[in-house]
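Each remark here refers to the structure printed beneath this line.
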Amino acid sequence: MSEHIYKKIELVGSSKISMEDAIQKAVAKAGETLKNLRWFEVVETRGQIEHNSVAYWQVTVKIGFTVGEE
């Protein structure tokens, strides 16, 4: 296993469908501008309630990526 230097960013994904969909959206958005995405960590999960029902899932994720690699 080679040694790497990592950087982490924190994003909040949002979805009407599910927690997993919120995570996928956050990772996909990060991938639009960052290279070498390696892992994610779910930090917080919450949701919005409307009319006594779950309206949105919000998931805070930390996304790790390697720096200095092409």
Side-chain angles (χ1 to χ4, degrees):
M1 182 172 148
S2 60
E3 297 177 358
H4 299 285
I5 302 298
Y6 296 92
K7 181 172 178 86
K8 293 191 295 187
I9 62 166
E10 189 171 279
L11 298 174
V12 178
S14 170
S15 172
K16 289 183 176 185
I17 299 168
S18 68
M19 290 184 289
E20 183 177 343
D21 189 54
I23 294 166
Q24 292 284 2
K25 287 180 179 180
V27 170
K29 183 55 78 173
E32 290 178 10
T33 57
L34 299 171
K35 297 179 183 176
N36 305 315
L37 300 182
R38 300 294 185 202
W39 49 265
F40 72 91
E41 170 187 357
V42 175
V43 178
E44 183 176 34
T45 305
R46 64 184 168 276
Q48 180 179 342
I49 299 170
E50 292 179 0
H51 309 291
N52 297 325
S53 183
V54 175
Y56 290 94
W57 293 97
Q58 297 171 329
V59 181
T60 303
V61 293
K62 289 184 180 178
I63 299 174
F65 56 99
T66 53
V67 294
E69 295 182 11
E70 293 302 318

Q: Apply side chain to side chain contact (heavy atoms under 4.5 Å, CB included) to V54 and list each qualifying residue two or more places apart in sequence or on a separate chain.
A: W57
Q | Verify same cluster id: V67, I9 (apolar side-chain graph, 4.5 Å) | A | yes
Q: Could you check V12, V42, V43 and say which one makes a side chain to side chain contact (heavy atoms under 4.5 Å, CB included) with V59?
A: V42
Q) Could you walk me through whether I63 and L34 pass the side-chain contact (heavy atoms from CB on, under 4.5 Å) check? A) CA-CA 10 Å; I63 299 174; L34 299 171; 5.7 Å; no
Q) What residue pairs, at least two apart or across chains, pass side-chain hydrogen bond (donor to acceptor under 3.5 Å, both in side chains) with a residue in residues 8-19? A) S15-D21
**Q.** Contacts of Q58 that satisfy side-chain hydrogen bond (donor to acceptor under 3.5 Å, both in side chains) - sequence neighbours left out
**A.** R46
Q. What is the distance from atom CD1 of I5 to atom NZ of K7, rounded to the nearest 0.5 Å?
A. 12.5 Å
(Q) Under the rule for salt bridge (Lys or Arg N to Asp or Glu O under 4.0 Å), what residues qualify as partners of E50, not counting sequence neighbours? (A) none
Q) Which residues satisfy the salt bridge (Lys or Arg N to Asp or Glu O under 4.0 Å) test with K29, sequence neighbours excluded? A) E32
Q: Locate the shortest heavy-atom distance separating V61 from A26; write the atom from each residue and the value.
A: CG2-CB, 3.9 Å
Q: State, to 0.1 Å, how close F65 and L37 come at their nearest heavy-atom pair, and which atoms those are.
A: CB-CA, 3.8 Å
